[in-house]
Amino acid sequence: QVQLQESGPGLVKPSQTLFLTCTVSGASGPTAFYYWAWIRQPPGKGLEWMGTISYTGSTYYNPSLKSRTSIHRDTAKNQFTLQLLSVTPEDTAVYYCAASKTLILGATDKNQYEYWGQGTQVTASS
């Protein structure tokens with residue numbers, strides 16, 4: 001069974017760069033053609049799609065975050081990463097990684113994804 005696990009610092013200071021890793025385990029052949037996404041949920045707010053990286057390495061970003069967001073993958077390690085520049089307290093959220101069979105830009109409905117991580121809390125505060 002495919003499992004996704006997010007990891008990274010729980011606390012980051014404003015203006016610093018946030019770096020998160022999603023480790024994929026149990027992946028089989030079909031997942032080689034999946035799309036891998038980062039989604040976040042600020043406290044008291046809804047889910048926000050941040051971006052997706054495809055099995056070819058193509059990336060797609062939320063326009064509102066594009067200037068600060070970068071997603072990469074390391075197929076040898078079965079990982080993909082999120083880098084968010086110049087964080088502010090508004091970036092405080094639970095960050096999730098997820099996988100889908102098809103590319104759906106902006107998807108925030110868990111039913112649109114085949115696999116979804118447990119999430120990791122990130123607090124941006126001095």
Side-chain angles (χ1 to χ4, degrees):
Q1 183 177 358
V2 177
Q3 292 185 324
L4 280 64
Q5 180 65 57
E6 304 89 348
S7 60
L11 179 66
V12 61
K13 293 183 178 180
S15 80
Q16 290 185 338
T17 297
L18 171 64
F19 192 80
L20 296 177
T21 299
C22 181
T23 300
V24 182
S25 60
S28 61
T31 59
F33 303 100
Y34 276 26
Y35 296 83
W36 308 89
W38 286 98
I39 303 103
R40 69 181 182 179
Q41 185 168 27
K45 298 184 179 180
L47 293 166
E48 178 182 36
W49 173 75
M50 301 184 70
T52 296
I53 186 165
S54 77
Y55 56 89
T56 63
S58 297
T59 51
Y60 310 85
Y61 297 110
N62 185 324
S64 68
L65 297 169
K66 185 176 182 179
S67 64
R68 299 195 294 130
T69 306
S70 182
I71 298 175
H72 297 277
R73 61 177 188 161
D74 186 334
T75 55
K77 294 182 179 180
N78 286 329
Q79 294 177 333
F80 62 107
T81 61
L82 171 72
Q83 181 175 305
L84 183 64
L85 305 175
S86 303
V87 300
T88 72
E90 286 68 39
D91 293 312
T92 294
V94 177
Y95 287 74
Y96 300 94
C97 57
S100 62
K101 291 182 179 179
T102 58
L103 176 62
I104 308 175
L105 298 181
T108 56
D109 185 342
K110 290 186 178 181
N111 291 323
Q112 295 174 301
Y113 294 93
E114 273 61 51
Y115 305 105
W116 190 277
Q118 291 184 326
T120 186
Q121 172 69 48
V122 174
T123 300
S125 174
S126 56

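When reading the values below, keep in mind they use all heavy atoms of this one structure, side chains included, and skip hydrogens, waters and symmetry mates.
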- Note on the structure: For Thr108 and Leu47 the tightest heavy-atom approach is O-CD1, 3.1 Å

- Note on the structure: Taken to the nearest 0.5 Å, the spacing of Asp74 CG from Thr81 OG1 works out to 8.5 Å

- Query: Hey, what do you get for OH (Tyr34) to OH (Tyr115), rounding to the nearest 0.5 Å?
  - Reply: 4.5 Å

- In sequence, state the C-alpha distance, the side-chain angles, and the governing distance for Glu6 and Leu20, and then conclude on side chain to side chain contact (heavy atoms under 4.5 Å, CB included). CA-CA 7 Å; Glu6 304 89 348; Leu20 296 177; over 6 Å; no

- Message: Take a 6.0 Å sphere around CD of Gln83 and say whether it holds more than 12 heavy atoms from other residues, nucleotides or ligands.
- Response: yes

- Task: For the pair Cys22 and Trp36, evaluate side chain to side chain contact (heavy atoms under 4.5 Å, CB included) and give the outcome as yes or no after the intermediate values.
- Result: CA-CA 9 Å; Cys22 181; Trp36 308 89; 6.0 Å; no

- Message: How close do Ser125 and Pro14 get, counting heavy atoms only, and between which atoms?
- Response: C-CD, 3.5 Å

- Note, Leu18 side chain near Pro9 side chain (heavy atom, < 4.5 Å): yes

- Is a donor on one side and an acceptor on the other found under 3.5 Å between the side chain of Glu114 and the backbone of Lys101? yes

- Item | From CA spacing to verdict: side chain to side chain contact (heavy atoms under 4.5 Å, CB included), Trp38, Tyr96 | CA-CA 6 Å; Trp38 286 98; Tyr96 300 94; over 6 Å; no

- Answer yes if Val12 and Leu65 sit in the same cluster of Ile, Leu, Val, Met, Phe, Trp and Tyr residues linked by side chain heavy atoms under 4.5 Å apart, and no otherwise. yes

- Message: How close do Trp49 and Ala37 get, counting heavy atoms only, and between which atoms?
- Response: NE1-CB, 4.2 Å

- Query: Could you give the distance from OG (Ser67) to CG (Asn62), rounded to the nearest 0.5 Å?
  - Reply: 10.5 Å

- Task: Mind checking the CG-CE spacing from Leu82 to Met50? Nearest 0.5 Å is all I need.
- Result: 4.5 Å

- Task: Find out if a path of hydrophobic residues (ILVMFWY) with successive side-chain heavy-atom gaps under 4.5 Å connects Tyr61 to Tyr95.
- Result: yes

- Query: Taking all atoms of both residues into account, what is the closest heavy-atom pair of Thr92 and Gln121, and its distance?
  - Reply: CG2-NE2, 3.8 Å

- Message: So, taking the atom named CZ in Arg40 and the one named CG in Asp91, what distance separates them when rounded to the nearest 0.5 Å?
- Response: 4.5 Å

- Is a donor on one side and an acceptor on the other found under 3.5 Å between the side chain of Arg68 and the backbone of Leu84? no

- same_hphob_cluster(Phe80, Tyr55) at 4.5 Å side-chain heavy-atom cutoff: no

- Message: Between Val94 and Ile39, is there shared hydrophobic-cluster membership here, with clusters defined by ILVMFWY side-chain heavy atoms closer than 4.5 Å?
- Response: yes

- Message: What verdict does the side chain to side chain contact (heavy atoms under 4.5 Å, CB included) test give for Gln5 and Thr21, after you've listed the backbone C-alpha separation in whole Å, the side-chain angles of each residue and the deciding distance to 0.1 Å?
- Response: CA-CA 8 Å; Gln5 180 65 57; Thr21 299; over 6 Å; no

- Message: Using 0.5 Å steps for rounding, measure from the CD1 atom of Ile71 to the OG1 atom of Thr69.
- Response: 7.0 Å

